[in-house]
Protein chains: 2
Amino acid sequence: MKKNVTISDVAKQAEVSKTTISRYLNGHFGNMSSETKDRIEQVISELNYRPNRQAQALKSKRSFLIGVIVSDISNMYSSLLLKGIGEVLGEAGYQMIIMDAANSIEKEQDLLHKLIDQSVEGIILQPSLREASHYQFIKDENIPLLLVDRGIEPLIFPLVTTDNETATKKMIKQILDKQYERVVVVSEPLADIVTREIRYHSIKEVVETKNCLLNLVEVTKETNLNHEIEKCLKYHEKTAIFASNGKMLMEILTILITEKIELPDEIGITGFDDWNLSALVGPGITSIEQQTQAIGNVSGTQMLSYLEDETKENETKIVSAIIRTRNSI
Amino acid sequence: MKKNVTISDVAKQAEVSKTTISRYLNGHFGNMSSETKDRIEQVISELNYRPNRQAQALKSKRSFLIGVIVSDISNMYSSLLLKGIGEVLGEAGYQMIIMDAANSIEKEQDLLHKLIDQSVEGIILQPSLREASHYQFIKDENIPLLLVDRGIEPLIFPLVTTDNETATKKMIKQILDKQYERVVVVSEPLADIVTREIRYHSIKEVVETKNCLLNLVEVTKETNLNHEIEKCLKYHEKTAIFASNGKMLMEILTILITEKIELPDEIGITGFDDWNLSALVGPGITSIEQQTQAIGNVSGTQMLSYLEDETKENETKIVSAIIRTRNSI
DNA sequence: ATGAAAGCGCTAACAT
DNA sequence: ATGTTAGCGCTTTCAT
């Protein structure tokens, strides 16, 4: 069992003071003789020395840690987001502490505190709550918080998100162009998350200008989705379902395919998120692809810039989405 | 801007020494008067004090940090694995530092060092290399390493993985029962990862006892998968493709569906992994579902037990897989 | 039942 | 060109 080698061991071995080693480590060779430099380099590799990050952080107030909280890590969205963030932050020498709020608002609050306890330099959060008050304490701690995917009210932090409004409206126009007479939006409860509301209202806005009916199904644990879809099939109007996120789209498709409903003849279906499956299921599912990894990249970049310059404004960065037109509407 | 409150602030305010506060924090109220206890509790909540983890770790050698490295965080497998690990570790008061090796063996090595720099108490790794020598240094550092998904040679660390052999053999038996005369295994390069080899050899073993032909297609960046599949379609024998992981299965299905190949009439298809899509694509894809989240749970549990008792043997924990029988073979 | 003091591994004035 | 010294915020031994 090898004991951990510290800066003192290196100093002793190299016959200089800890200060000099520290200077070497931090690249402060103002006027360090190249002999000592070489000797230190030599000793470090000999002893296999690596500085202790905790000690560095404690003293220098720089942890090089960024906390990231996603609302559900098993969601495809999270995977791509984390990939994107990690690419940028890793490049810049930061580590991510990733945490999973597991769709629990209590857990999210707990995790935020835990991140702060770890002295993270910044936090990237996909928030589970829409009221800014729940996140005010982070502002008080004076640590940069960047929201991703979802906004809060009022929007007191910077945000990186998809252009939900544009993408949704474009898609609805496609639906209307195909002479649909009724759109059924299937969404998780609107009130919880701003993004859901934006998507719904974008639809509503477009639909209402045309002679088209609109229904909203808010899905909770109690909802019998099978039953809701049956209702859709009974409408006399030509009907399209709009799933407001990938999970909903997935669940609806499972039912439609299982029940051997003809798409788009018996019913049209589209919505957010275009995952691998969309091209392969049924006749090909027309859907909206969020550029999630790009959102991650932008988030990482923004975070880095806040770290450098804390006076930045609360700007919102919008990343466009892509309409994947296939044959389900 | 609020300055960070430290244990000294609390001590001052509560009119006791830092020692007493520390005792309180760590639950060492051997014979602390309940008055002081109450007073400390009071002051802590008043000042909103939270101990600094870095300082605690530095002094006590307990970081409560577990490093996790996955080979590609955008893979569905990683998501579920992380979910599973996180559930167990979070419950036990540990934080995960999750890192993405992004399918790079250099990056993986670098990340391992970075984790050690962060004083993680243990590491859970989905290894990208099969030679144990690359990971020997972790043993030297005396920090518990748990492998997940993939083994190394020799297997000098504990491992949690799917029962690849049993699942693969069961599936191949189903294929043989259906009178297939040729099996084409499509895999990423066998030599790189032990698991791939296990899967292939399990197939080979079963197939060779029967009157059935066997092909192996090792897919690299240069491979033209379309072309390989065309070849499969031209065989005179009744042929089934076995995709050795979810990514391969996905890519093959994309081609088969795009080309409107009739499944399973023109060709049979099955393999690892059963993700959401498998039930929805084509006639329903028969495939092998790894219980990935369970593997994560087991990994977390094992890690906790190593943390408690470092003398544990290098046991391998096998988690069974589930055959999802549908209609693609 | 509580404190004083030393020190974890590092950094950064302030020396020289 | 390099060293001395004082801490960062905490835990723990040894006192009392």
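In what follows, chains are A, B, ... by sequence order, proteins preceding strands, each numbered from 1. Not measured: the values here are computed from a predicted model.
In this structure, B:Leu82 and A:Asp100 have side chains that are not in contact, with every pair of non-hydrogen atoms separated by 4.5 Å or more. Contact check for B:Leu125 versus B:Glu108: side-chain heavy atoms found under the 4.5 Å cut-off. Considering only heavy atoms from C-beta on, A:Val68 stays 4.5 Å or farther from A:Val148 through its side chain.
Between C:dC14, D:dT11, C:dC10, one nucleotide has an atom nearer to the side chain of A:Pro51 than all others, and that is C:dC10. Checked against C:dG3, D:dG3, C:dC8, the side chain of B:Lys59 finds its nearest nucleotide in C:dC8. Out of C:dT11, D:dC10, D:dT2, the shortest distance to the side chain of B:Thr6 is found at D:dC10. Nearest nucleotide to the side chain of B:Thr19, out of C:dA6, D:dT2, C:dG3: C:dG3. Closest to the A:Leu25 side chain, of the nucleotides C:dG9, C:dT11, D:dT11, is C:dT11. Counting only heavy atoms from C-beta on, A:Ser33 has its side chain closest to D:dT2 among D:dC10, C:dG3, D:dT2. Checking D:dT2, C:dC10, D:dG9 against every side-chain atom of A:Thr20, the shortest atom distance belongs to D:dT2. Among the nucleotides D:dT12, D:dT2, C:dT2, the one closest to the side chain of A:Met32 is D:dT2.
Distances shorter than 4.0 Å separate none of the side-chain N or O atoms of A:Tyr24 from OP1 or OP2 on C:dC10. For A:Ser8, no side-chain nitrogen or oxygen approaches OP1 or OP2 of C:dG9 to under 4.0 Å. Listed pair B:Asn4 / D:dG9 fails the phosphate criterion, with no side-chain N or O lying under 4.0 Å from OP1 or OP2. Contact between the side-chain N/O atoms of B:Ser60 and the OP1/OP2 oxygens of D:dT12 is not found at any separation under 4.0 Å. Between B:Lys18 and D:dT12 there is no side-chain N or O to OP1 or OP2 distance below 4.0 Å. Listed pair A:Thr36 / D:dT2 meets the phosphate criterion, a side-chain N or O lying under 4.0 Å from OP1 or OP2.
Summarising the geometry, the separation between CD1 on A:Ile21 and C1' on C:dA12 is reported as 16 Å, rounded to the nearest angstrom. Regarding B:Phe29, its CZ atom lies at a distance of 15 Å from the C1' atom of C:dT2, rounded to whole Å. When rounded to the nearest whole Å, the span between CG of A:Leu58 and C1' of D:dG7 equals 9 Å. At whole-Å resolution of the value, NZ in B:Lys12 and C1' in C:dG3 are 16 Å apart. The NE2 atom of B:His28 sits 16 Å away from the P atom of D:dC10 (whole-angstrom rounding). Rounded to a whole Å, the CD atom of A:Gln54 is 13 Å from the P atom of D:dC10. Atom C1' of nucleotide D:dC10 and atom CZ of B:Arg23 are separated by 14 Å, given to the nearest angstrom. If you take CZ of A:Arg62 and C1' of C:dG9, they are 19 Å apart, rounded to a whole angstrom.
Across all strands, B:Glu15 comes closer than 4.0 Å only to sugar-phosphate atoms, never to a base (heavy-atom distances).
Of the possible polar contacts, none joining the B:Arg130 side chain to the B:Glu153 backbone as a donor-acceptor pair under 3.5 Å is found. In this structure a side-chain-to-backbone donor-acceptor pair under 3.5 Å is present from B:Ser63 to B:Ser119.
In this structure, A:Lys139 is positioned above the aromatic face of A:Phe157, its NZ or CZ under 6.0 Å from the six-membered ring centre and within 45° of the axis.
No donor-acceptor contact under 3.5 Å links the side chain of A:Arg53 to the base of C:dG9.
The residue among A:Gln56 and B:Lys61 whose nearest nucleotide of DNA chain C is located toward the 5' end is B:Lys61.
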